[in-house]
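Chain letters run A, B, ... following the sequence lines, proteins first and then strands; every chain starts at 1.
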Number of protein chains: 2
Amino acid sequence: MTLTDLRYLVALARERHFGHAAERCNVSQPTLSVAIKKLEDELAVTLFERSAADVKITDIGARIVAQAEKVLLEAGQIKELATAGRDPLSGPLKLGVIYTIGPYLLPHLIPRVHAAAPSMPLLIQENYTARLAESLKRGDLDVIVVALPFEEPGIVTQAVYDEPFRVLMPAGHAWEDDDTIPAARLADAPLLLLGAGNCFRDQVLEVCPLCRGGEGLQRTLEGSSLETIRHMVATGAGITVLPSSAADPLPGGNSLLTVRPFDAPEPFRRIALAWRVTYPRSGAIDVIRAAILGSPLQGVRPVSR
Amino acid sequence: MTLTDLRYLVALARERHFGHAAERCNVSQPTLSVAIKKLEDELAVTLFERSAADVKITDIGARIVAQAEKVLLEAGQIKELATAGRDPLSGPLKLGVIYTIGPYLLPHLIPRVHAAAPSMPLLIQENYTARLAESLKRGDLDVIVVALPFEEPGIVTQAVYDEPFRVLMPAGHAWEDDDTIPAARLADAPLLLLGAGNCFRDQVLEVCPLCRGGEGLQRTLEGSSLETIRHMVATGAGITVLPSSAADPLPGGNSLLTVRPFDAPEPFRRIALAWRVTYPRSGAIDVIRAAILGSPLQGVRPVSR
DNA sequence: GAGGATGTATAGTTAATCACTATTGCTAAC
DNA sequence: GTTAGCAATAGTGATTAACTATACATCCTC
């Protein structure tokens with residue numbers, strides 16, 4: 001029993017004439033005749049009473065035809081689903097973002113994606129890189145925004161932008177007079193740091209390796225966020241290093257804080273998109289990339305593809 | 001897209017492994033692989049993300065799989081319908097009976113058919129032979145009970161029983177002393193007859209052809225029934241000829257009426273079943289025949305097949 | 001980083017199926 | 001009896017679907 005057979009069956013039930021039904025199906029009369037006979041044999045049921053005068057459907061035949069129509073209808077739905085699903089910008093996209101980007105990127109990203117792909121709602125998860133990677137590989141996420149380096153089997157990455165680091169200090173701090181800050185100076189500063197698991201923490205520690213072994217004045221704030229740290233800096237609890245998108249004052253920004261860049265060469269992190277190499281909706285990824293680059297993130301430099 | 005393809009699709013969605021899915025479908029891995037690829041090409045949609053680690057279904061793939069399961073379910077219903085419809089004794093049987101048999105046969109027939117084929121309800125129509133024949137050919141009826149001769153193209157008949165004619169007269173009638181009645185005597189009797197269209201009327205007239213031309217004492221009662229005529233005979237309005245099943249007194253019968261057979265050779269009618277030669281439920285016809293022969297119809301003689 | 005293990009895709013071949021044309025067979029109507 | 005209409009069958013060719021064998025890709029291990 002094939003869908004073609006069922007189409008022949010329904011056509012014959014409608015036309016009550018093998019020749020006409022065959023014509024409607026664009027096949028020859030014997031083709032349809034044989035197919036119906038095959039169906040009857042397979043089902044071990046007489047579907048039609050054939051006579052010279054006309055073709056009559058049996059009671060059981062009528063019931064089976066009704067069911068066949070239902071099958072064909074449902075099968076047609078598959079094609080419709082496929083047509084709808086062919087557009088990579090249709091259907092939800094599961095996006096993961098690391099904690100140190102989400103709060104600064106998402107408010108800009110979401111409306112831009114919505115404008116570019118109105119029928120692609122974003123399902124967003126913020127998490128650590130490791131968790132995002134796991135979800136991405138499991139298929140719980142489709143695309144993630146992470147900092148490089150990021151190497152995972154089966155995952156491809158695409159750099160999107162570079163983002164310099166900044167030193168954040170309370171307004172009136174002694175370093176405020178300097179236009180730029182040397183990284184080495186941080187070694188003995190009361191540096192506020194994110195907890196383990198945040199990639200940004202490690203990147204900051206790389207900027208001033210001395211701190212690591214030094215067990216100096218740094219304080220690790222487990223379970224905290226960049227925003228919390230910023231508030232703590234404002235209250236004079238210490239200084240910190242932030243990515244520029246989180247640090248640079250927006251118009252009408254915080255007057256309790258002072259931001260200074262590092263001495264050249266500025267330390268920076270490279271932010272990238274990552275997805276399974278097998279992920280088919282590359283068009284959706286392009287939209288995400290464009291929306292990120294279209295977002296007004298302070299201090300970031302796009303990375304050409 | 002075939003039902004087989006959909007089965008492969010569903011299996012792969014369940015197993016998430018080409019080899020295992022193929023095994024479950026009793027085909028080789030390449031067979032399933034090619035089929036899925038063909039489906040994806042046809043629908044122009046990526047249904048699965050394949051990687052060395054595992055097989056992931058895409059969002060659109062999951063939706064299509066759900067629809068495919070629906071299709072397969074509905075298709076399975078066809079087989080179930082066929083299985084149920086394979087029994088000729090399942091499903092209603094549309095039975096036609098001529099007016100001069102119905103009232104005497106049906107009260108016996110219906111419970112017997114119900115006992116022999118409980119899931120074959122009878123849809124019964126009483127009518128003239130010509131109307132029954134038309135309905136039978138149109139397919140509005142499946143089997144009819146008529147008197148022979150009955151010849152129609154595409155229709156087969158099977159004699160079931162012979163039924164002698166009887167003379168019915170009011171109790172106390174002059175002929176009551178005779179054990180049998182010669183047919184010729186009816187020529188000048190006040191014979192009550194059914195209206196035109198009733199085959200039994202013509203059969204009675206054949207018994208005594210003289211009446212036809214004679215325009216004697218006969219009265220034709222249009223739109224009447226044998227039962228009405230019987231009542232009229234009881235009131236002394238005349239005499240009549242009835243088939244034995246309608247005439248012979250049942251235990252506790254009507255004491256106002258006297259029934260006499262004809263002189264030998266008794267005139268009789270032959271009752272038969274008729275159906276379209278293409279009608280597939282011969283088993284149902286056998287049940288009807290057996291139920292008729294099992295009915296206690298007075299005076300009838302079964303006709304062996 | 002080379003080699004092995006796992007798993008999917010491809011190549012090449014064979015068998016089955018499907019659809020065609022031509023023809024037969026059947027029924028009913030003229 | 002003949003003819004017309006229509007479905008069934010025969011026979012053939014093309015397409016499809018299945019197989020086995022093998023290539024290819026990826027990841028993991030040593």
Side-chain angles (χ1 to χ4, degrees), chain A residues 1-9 11-13 15-42 46-58 61 133-134 136-138 151-156 276-280, chain B residues 1-9 11-13 15-42 46-58 61 133-134 136-138 151-156 276-280:
Chain A
M1 184 171 68
T2 73
L3 290 173
T4 307
D5 292 337
L6 298 186
R7 268 185 282 273
Y8 295 164
L9 172 64
L12 182 56
E15 299 288 335
R16 319 238 147 170
H17 185 288
F18 280 74
H20 299 165
E23 194 174 352
R24 176 174 284 240
C25 295
N26 298 309
V27 295
S28 67
Q29 170 265 313
T31 295
L32 193 131
S33 222
V34 168
I36 296 291
K37 180 139 188 52
K38 183 172 69 71
L39 240 189
E40 287 184 323
D41 288 349
E42 184 178 341
T46 302
L47 299 171
F48 296 93
E49 292 186 39
R50 301 125 163 103
S51 65
D54 61 348
V55 174
K56 286 186 188 56
I57 193 159
T58 62
E134 199 182 330
L136 182 63
K137 286 198 279 189
R138 244 205 327 270
E151 302 275 333
E152 291 285 342
I155 304 295
V156 291
R276 290 182 299 281
V277 64
T278 53
Y279 188 65
Chain B
M1 184 171 68
T2 73
L3 290 173
T4 306
D5 292 337
L6 298 185
R7 268 186 282 272
Y8 295 164
L9 172 64
L12 181 57
E15 299 288 335
R16 319 238 146 171
H17 186 289
F18 280 75
H20 299 166
E23 193 175 351
R24 176 174 285 240
C25 294
N26 299 308
V27 295
S28 68
Q29 170 265 315
T31 296
L32 193 132
S33 223
V34 168
I36 297 291
K37 180 142 189 51
K38 182 171 68 73
L39 240 188
E40 287 184 323
D41 288 349
E42 183 178 342
T46 302
L47 299 172
F48 296 94
E49 292 185 39
R50 302 125 163 103
S51 65
D54 60 348
V55 173
K56 285 187 189 57
I57 193 159
T58 62
E134 199 182 329
L136 183 64
K137 285 198 278 190
R138 245 206 324 272
E151 303 274 333
E152 291 285 341
I155 304 296
V156 291
R276 291 182 299 282
V277 64
T278 54
Y279 187 65

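Comparing B/Ile155 and A/Asn26 by the nucleotide of DNA chain C that holds the closest heavy atom to each, the one mapping nearer the 5' end is A/Asn26. Of the two residues near DNA chain C, A/Thr2 and B/Phe18, the one whose nearest nucleotide lies more 5' is B/Phe18. Nucleotides of DNA chain D nearest to B/Ala35 and A/Val277 differ in position, and the one nearer the 5' end is that of B/Ala35.
For B/Glu23 and D/dC19, the CD to C1' distance is 16 Å, given to the nearest whole Å. At whole-Å resolution of the value, CD in A/Glu15 and P in D/dC6 are 13 Å apart. With rounding to whole Å, A/Leu12 atom CG is found 12 Å from D/dC6 atom C1'. Whole-Å rounding puts the A/Gln29 CD to C/dA22 P distance at 14 Å. The nearest whole Å value for the distance from the CZ atom in B/Arg16 to the C1' atom in C/dT6 is 19 Å. Between B/Glu152 atom CD and C/dA28 atom P there is a gap of 10 Å when expressed in whole angstrom units. Separating the CD atom of A/Glu49 from the P atom of D/dA7 is a distance of 14 Å, rounded to the nearest angstrom. Atom-to-atom, CD of B/Glu40 to P of C/dT8 comes out at 13 Å; the value is rounded to the nearest Å.
Side-chain atoms of B/Pro153 lie closest to C/dA28 of the nucleotides D/dA8, D/dC19, C/dA28. Comparing C/dA9, D/dA17, C/dT8 against the side chain of B/Ser33 picks out C/dA9 as the nearest. Closest contact between the side chain of A/His17 and the listed nucleotides C/dG7, C/dA9, D/dA7 involves D/dA7. In the set D/dA18, C/dT10, C/dT8, D/dA18 carries the atom at the smallest distance from any side-chain atom of B/Tyr8. Ranking C/dT8, D/dA8, D/dA7 by closeness to the A/Val55 side chain, first place goes to D/dA7. Nearest nucleotide to the B/Thr31 side chain, out of D/dA7, C/dT10, D/dC19: D/dC19. Comparing D/dA8, C/dC20, D/dA18 by their nearest atom to the side chain of A/Ser28 picks out C/dC20. Here the nucleotide nearest the side chain of A/Thr4, chosen from C/dA19, C/dT10, D/dT9, is C/dA19.
Counting non-hydrogen atoms of other residues, nucleotides and ligands closer than 6.0 Å to CZ of A/Arg24 gives a total of 12 or fewer.
Of all heavy-atom pairs spanning B/Cys25 and B/Tyr8, the tightest one is SG-CD2, 3.6 Å. Nearest heavy atoms, B/Leu32 versus B/Ala21: CD1-C, 3.7 Å. Between A/Leu12 and A/Phe48, the shortest heavy-atom distance links the atoms CD2-CE1, 3.5 Å. When all heavy atoms of B/Lys137 and B/Arg276 are compared, the closest pair comes out as O-CD, 4.2 Å. Pairing each heavy atom of B/Leu47 with each of B/Glu40, the nearest pair is N-OE2, 2.7 Å.
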What nitrogen or oxygen pairs link the protein and nucleotides 10-13 of chain D at under 3.5 Å?
none

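The shortest distance between the side-chain N/O atoms of A/Arg50 and the OP1/OP2 oxygens of D/dA8 is below 4.0 Å.
Put simply, the side chain of B/Arg7 does not reach to within 4.5 Å of the side chain of B/Val27, judged on heavy atoms. Residues A/Ile36 and A/Arg50 meet the side-chain proximity criterion, which asks for heavy atoms closer than 4.5 Å.
Residue-level contact check: B/Asp5 touches neither bases nor backbone, having no heavy atom under 4.0 Å from any strand.
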